[in-house]
Amino acid sequence: ATFATVAPQLSLAERAIGWGTIGYQAAARQVPGAVDWFRLSANAPLSYPAYEWRTRSALLAGDWTMVRWSIEQMPAPLRSRPAWVYWHARALKQAGETTTANDEFERIASRFDFYGQLATEELGRKIEIPPKTTVTDAEVEAVAKTPGFELARRFFALNLRLEGNREWNWPLRGMTDRQLLAVAEYARRIQLYDRTVNTADRTRTEHDFSLRYLSPFRDIVERDAQTNGLDVEWAYGLIRQESRFIIDARSGVGAGGLMQLMPGTAKMVARKIGLGAVSPAELNDINTNILLGTTYLSMIYNQFDGSAVLATAGYNAGPGRPRQWQAALPRPVEGAIFAETIPFNETRDYVKNVLSNTVYYAALFEGRPQSLKARLGAILPN
């Protein structure tokens with residue numbers, strides 16, 4: 001209201017910038033009506049986050065015309081990011097401009113990530129694992145002699161991960177895809193699982209998704225996921241994102257183990273299932289960590305009526321927050337829109353990564369094409 005009284009004294013351009021700023025503040029706080037202020041910001045030069053939130057507000061409101069013009073007004077470097085290529089193509093498709101939309105979907109469909117998967121489905125295809133390139137033992141033995149890897153292993157043994165990663169990654173620059181896959185396989189054989197994943201992740205045209213989407217400790221993960229009524233691929237999608245299979249991974253906020261449980265959460269879950277007190281050492285034990293992590297994920301999943309999107313968000317940000325975000329929804333939205341409009345950057349990326357991982361794990365485990373859209377479902381206001 002205060003800005004509305006001042007607005008008439010400003011130029012059109014100044015007014016648009018003002019409304020854009022107000023819209024951004026409102027969107028960041030999830031104030032209803034942010035989209036209406038943003039509508040008054042057409043053609044204003046905004047900050048990158050404001051451009052993004054203007055588009056997200058339009059997505060939440062279901063206003064595809066606004067989604068389109070909002071993205072078209074973004075500066076080129078921002079507009080070319082996969083998220084905005086995808087949503088712009090969706091807006092074109094909504095307007096009946098299918099050929100142009102499909103051209104844009106094709107631009108990102110080859111990416112092995114959330115938007116690449118969604119674009120693939122928009123083009124009428126399912127998500128599949130690319131053909132597997134298998135390296136020979138001789139190739140693995142050849143790369144194992146690479147200077148730097150031995151030093152990296154010594155650093156890892158001393159728990160100096162940063163230094164170890166640096167030594168490991170340096171020789172990878174300039175390697176061919178086959179060499180990278182041989183290094184990834186070498187890392188798998190010596191049980192450096194995070195290096196397996198990260199090294200296999202670097203390939204450009206030749207791939208081995210059984211290394212990129214590694215599944216160690218399969219018997220334990222499968223047992224505990226099934227006991228808790230969870231898809232084993234979802235459990236793996238989450239572990240890959242949380243810890244990259246580093247058994248004693250520790251986060252800056254004190255979360256621990258493969259499933260990165262906070263000590264307080266671990267204590268609460270252990271009490272619920274009659275495990276008694278869990279020491280920090282026990283929290284890093286593979287059996288205990290996976291049991292507690294899958295039990296906790298299952299508890300959240302049941303709270304959210306079986307929505308993988310809400311439960312994944314709840315695992316990262318605490319279950320209370322997705323409930324607030326769900327309550328603020330103006331209407332039912334597709335899961336991809338809900339994920340796109342999560343207000344926390346970390347949780348937004350986390351949900352996209354976990355569910356993208358999950359789809360590739362499902363394709364690997366089930367041996368058939370998959371749908372990310374089906375897993376995302378729809379989110380209803382609560």
Side-chain angles (χ1 to χ4, degrees), residues 20 23-24 27-28 30 34-35 38 41-42 45-95 97-98 100-123 125 127 201 237 241 308-310 312-313 316-317 322 325 329 333-360 371-379:
Y24 175 47
Q30 289 197 294
V35 71
F38 268 139
S41 72
L46 303 176
S47 67
Y48 275 25
Y51 280 117
E52 294 185 309
W53 276 104
R54 182 171 71 185
T55 310
R56 290 182 183 126
S57 299
L59 282 168
L60 275 176
D63 185 339
W64 288 100
T65 309
M66 182 177 174
V67 169
R68 180 176 179 169
W69 66 251
S70 181
I71 295 172
E72 287 173 1
Q73 290 176 15
M74 288 176 174
L78 179 60
R79 188 182 162 174
S80 64
R81 290 182 187 171
W84 309 121
V85 172
Y86 173 74
W87 290 116
H88 185 258
R90 283 287 303 276
L92 291 174
K93 190 172 179 173
Q94 202 73 21
E97 298 177 35
T98 317
T100 323
N102 286 348
D103 288 345
E104 293 197 5
F105 288 133
E106 281 293 0
R107 267 176 54 201
I108 57 168
S110 60
R111 297 174 61 90
F112 300 122
D113 61 14
F114 188 76
Y115 297 106
Q117 290 171 331
L118 288 174
T120 298
E121 289 199 66
E122 287 296 332
L123 291 162
R125 306 195 291 260
I127 296 149
D201 234 348
Q241 181 62 23
V309 174
L310 292 170
T312 304
N316 177 263
W325 304 334
L329 288 175
V333 295
E334 58 186 87
I337 290 177
F338 185 87
E340 184 62 68
T341 55
I342 288 172
F344 294 177
N345 295 348
E346 184 200 313
T347 306
R348 187 167 60 247
D349 290 342
Y350 179 87
V351 169
K352 291 176 193 172
N353 289 336
V354 167
L355 292 169
S356 170
N357 291 348
T358 300
V359 170
Y360 284 131
S371 166
L372 173 59
K373 286 199 159 197
R375 281 180 185 272
L376 292 169
I379 310 294

Drop me the distance from Trp84's CH2 to Ser70's OG, to the nearest 0.5 angstrom. 8.0 Å
Hey, what do you get for NZ (Lys352) to CG (Leu372), rounding to the nearest 0.5 Å? 11.5 Å
Is it true that a side-chain atom of Thr55 and a backbone atom of Tyr51 form a donor plus acceptor pair closer than 3.5 Å? yes
Taking side chain as C-beta onward, heavy atoms only, is Leu376 less than 4.5 Å from Glu334? no
Between OG1 of Thr312 and CG of Asn316, what distance do you get to the nearest 0.5 Å? 9.5 Å
Hey, which of Leu310, Val351, Leu60, Leu59 is the one that makes side chain to side chain contact (heavy atoms under 4.5 Å, CB included) with Phe338? Leu310
Evaluate the ring planes of Tyr86 and Tyr115, with Trp represented by its six-membered ring, and classify them as parallel (under 30°), tilted (30 to 60°) or perpendicular (over 60°). tilted
Which atom names give the shortest non-hydrogen contact between Gly335 and Ile379, and what distance separates them? CA-CG1, 4.1 Å
Between Glu121 and Arg90, is there a side-chain N and carboxylate O pair less than 4.0 Å apart? no
Under 3.5 Å, side chain of Gln30 to main-chain N/O of Trp325, donor-acceptor pair present? no
Working to the nearest 0.5 angstrom, can you tell me the gap between Arg79 CZ and Gln73 CD? 10.5 Å
Please name all residues satisfying ring pair (Phe, Tyr, Trp, His ring centres under 6.0 Å) with Tyr48, sequence neighbours left out, ordered by chain then number. none
Test item: Phe38 and Trp53 side chains (from C-beta on) under 4.5 Å apart, heavy atoms: yes
Considering only NZ, NE, NH1 and NH2 on the basic side and carboxylate oxygens on the acidic side, decide whether Glu52 and Arg348 come within less than 4.0 Å. no
For Gly237 versus Asn357, what's the shortest heavy-atom pair and its separation? O-ND2, 3.0 Å
For Ala34 and Ala27, the nearest pair of non-hydrogen atoms, with its separation, is CB-N, 3.6 Å
Can you name the closest pair of heavy atoms from Ala119 and Ile108 and give their distance? CB-CG1, 3.7 Å
For Ala101 and Leu92, which heavy atoms make the closest approach, and how far apart are they? CB-CB, 3.9 Å
Spacing of CD1 belonging to Ile342 relative to CD1 belonging to Ile337, to within rounding of 0.5 Å: 13.0 Å
Which atom names give the shortest non-hydrogen contact between Ser80 and Pro77, and what distance separates them? OG-O, 3.1 Å
Please report the C-alpha distance between Val35 and Asp63 in whole Å, then the side-chain angles of each, then the deciding distance to 0.1 Å, and finally whether the side-chain contact (heavy atoms from CB on, under 4.5 Å) criterion is met. CA-CA 9 Å; Val35 71; Asp63 185 339; 5.6 Å; no
Check whether any side-chain N or O of Arg56 sits under 3.5 Å from a backbone N or O of Glu340 as a donor-acceptor pair, and report yes or no. yes
Aromatic ring pairing Trp87/Trp64, orientation class (parallel under 30°, perpendicular over 60°, tilted between): tilted
Gap between atom CG of Asn102 and atom CD of Glu97 - 0.5 Å precision: 12.0 Å
Regarding Ser41 and Arg54, do their side chains bring together a donor and an acceptor under 3.5 Å, going by distance alone? yes
